[in-house]
2 protein chains.
Amino acid sequence: MTCEAEDQVDSLGERSVAEGLVDPRSLIHPVRAGNTLEATFEGLLRLIKVGAVLPGQRLPPERELADSLQVSRSTLRSVLGDLQRHGYLEVRRGRYGGTFVIDSAPEKQTDVTVDPRQLQDILAYRTVVESGAARLAAEADLQAPQRRGLRRALDAASAAAPEDYRHLDSRLHIVIGELTGSRRLVDCVVESRALVNDLLDRIPLLASNLEHSNHQHQELVAAILDGDPETAESVARAHLDGTETLLRSFLNLSA
Amino acid sequence: MTCEAEDQVDSLGERSVAEGLVDPRSLIHPVRAGNTLEATFEGLLRLIKVGAVLPGQRLPPERELADSLQVSRSTLRSVLGDLQRHGYLEVRRGRYGGTFVIDSAPEKQTDVTVDPRQLQDILAYRTVVESGAARLAAEADLQAPQRRGLRRALDAASAAAPEDYRHLDSRLHIVIGELTGSRRLVDCVVESRALVNDLLDRIPLLASNLEHSNHQHQELVAAILDGDPETAESVARAHLDGTETLLRSFLNLSA
DNA sequence: ATCCAATGGTATTTTTGGAGACCTTTGATG
DNA sequence: CATCAAAGGTCTCCAAAAATACCATTGGAT
């Protein structure tokens, strides 16, 4: 207990970059989240939560899905079983059978307790990812099919019944992400939406917010179609700030 | 071959959300990249490439590292062996031994061929993540230690010898990411830097760019310390555009 | 010179996951 | 009403990864 051994100077002795030398530990984190079973479960659940597969819709056949997820069919089946037991999926055998997403979401979390750090993590992530995506989408020069897709997603969200709103809202934002041409960014949007939807499930859905939200969607899509990045970004930011304030107030936390 | 079976109407028959029904296949992708060995290899290599562990610095002891990465020690050791064989690491036994990052980076890719879609993916991702992080960092109200850390990172990058530049540049941007308080965002910055550094390794390093880059860093950090999000974001964007143009011209691609 | 604690090295067992073959159910079609 | 193709269900075998215990090396401290 004599030697403190804190400042492990790089003992190779050569080209020493003396300052900084921050402990790398803070940047080291798990390469894989949980085991394959868990990761697959989360992955599929995320797709459902985000509306990538809507209630009533069928998932691809097991073999194909296993292949897409790069997971063995055994593993996938075990996960599908779990999701079924949790009430997310319904499975029907025979030709024209398959795995279907169930209509009613089984869960409504009522934990209004959220770790403030985690809340900050999620909200910061989302702001960056989604407002950035909106801007880039407006910078891209869009072809006719993309423009159509965007308009359709907007119309779907506008026309949505309250119980479908969250899914179709998420889909709209995912479509916007796709316009950037960055697969990575799309994944971020999906992840961000899944996280935020989880939080939103814990607070009431207000009709007035919904209306306001729809209005902002109109503006956002217009800015993207007009190729106006500045407006797109600022509208997106305003849109996100709305939810952020809402979440922070209901989950009673400050900055 | 009579039934086309394309529009798989949601056969549950209830609450049918008729329109959209986009095939979820485009959003389904592997839950895990490769096997554990590969993922661990990539993860550690990323930390090295990005300067999270600088040449000469020691990695945490195997047991601790395995624990942090959530990987068994056997797997980790196999990966460390590979990295050693590839010339990234040096291992010394005994007390005060450990695993050290080797001084000279072993590789310089000379493939100037990059898939344009991939280039677009990476650059879009990076622009969003890093300019967004810069903005949020400027919005945050920073405490003294954070301000000091930021200044130190800036000074380190400014003073860096050309061969250390890439690492210290990356570290600066990672520190900026950390100011946002979003772990997820930090991870994105790390990933983005690792990807871009790979690309930069394929093109020459110009002294004039380096100088210009340093000047932009000064402005960026000043904006963040001043709490000026707009400036921070636009300086960051300009900074990134510089590299983007450079990369596109050397890797001779449009879009 | 000896000790000893921190670190890497090795070997063994158990658990998890992947590959592939084969069985069962179902309903549209002829 | 028989057929058959497309889907889920089961089983078996093997490889990958995790867990655990124990061995070997090293250099500073006494």
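Per chain, numbering begins at 1; letters A, B, ... match sequence-line order.
For C:dT26, the base has no donor-acceptor partner in the side chain of A:Arg93 [N/O atoms by modelled type, under 3.5 angstrom].
Regarding B:Asp67, its CG atom lies at a distance of 16 Å from the C1' atom of C:dT7, rounded to whole Å. Atom CZ of B:Arg58 and atom C1' of D:dT26 are 13 Å apart (whole Å). Going from atom CZ of B:Arg77 over to atom C1' of D:dC22 covers 14 Å, rounded to whole Å. C:dA6 atom P lies 16 Å from atom CZ of B:Phe100, rounded to whole Å. Going from atom OH of B:Tyr96 over to atom P of C:dA6 covers 8 Å, rounded to whole Å. Note: CZ (A:Arg95) to P (D:dA6) measures 5 Å, nearest angstrom. Atom CD in B:Glu62 sits roughly 16 Å away from atom P in D:dT25 (whole-Å rounding). What separates CG of B:Leu69 from C1' of D:dA17 is a distance of 14 Å, to the nearest Å.
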Reading 5' to 3' through nucleotides 13-21 of chain C, protein heavy-atom contacts under 4.0 Å coded B for base, S for sugar-phosphate only, - for none: ----SBB--
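Residues that satisfy the side chain to side chain contact (heavy atoms under 4.5 Å, CB included) test with A:Gln118, not counting sequence neighbours, are A:Asp115, A:Ile122. Under the side chain to side chain contact (heavy atoms under 4.5 Å, CB included) criterion, A:Ala144 pairs with A:Arg148, not counting sequence neighbours. Annotation: salt bridge (charged side-chain N to carboxylate O under 4.0 Å, His left out) contacts of A:Arg32 (sequence neighbours excluded): none. Checked against salt bridge (charged side-chain N to carboxylate O under 4.0 Å, His left out), B:Asp187 has the following partners two or more places apart in sequence or in another chain: B:Arg183.
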Donor-acceptor contacts under 3.5 Å from residues 38-45 of chain A side chains, at least two apart:
unit_1  : atom_1 : unit_2  : atom_2 : d
A:Thr40 : OG1    : A:Thr36 : O      : 2.6

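A close approach under 4.0 Å does not occur between any side-chain nitrogen or oxygen of B:Thr99 and OP1 or OP2 of C:dT7.
Note that CZ of A:Arg171 is 11.0 Å distant from CG of A:Asp164, once rounded to the nearest 0.5 Å.
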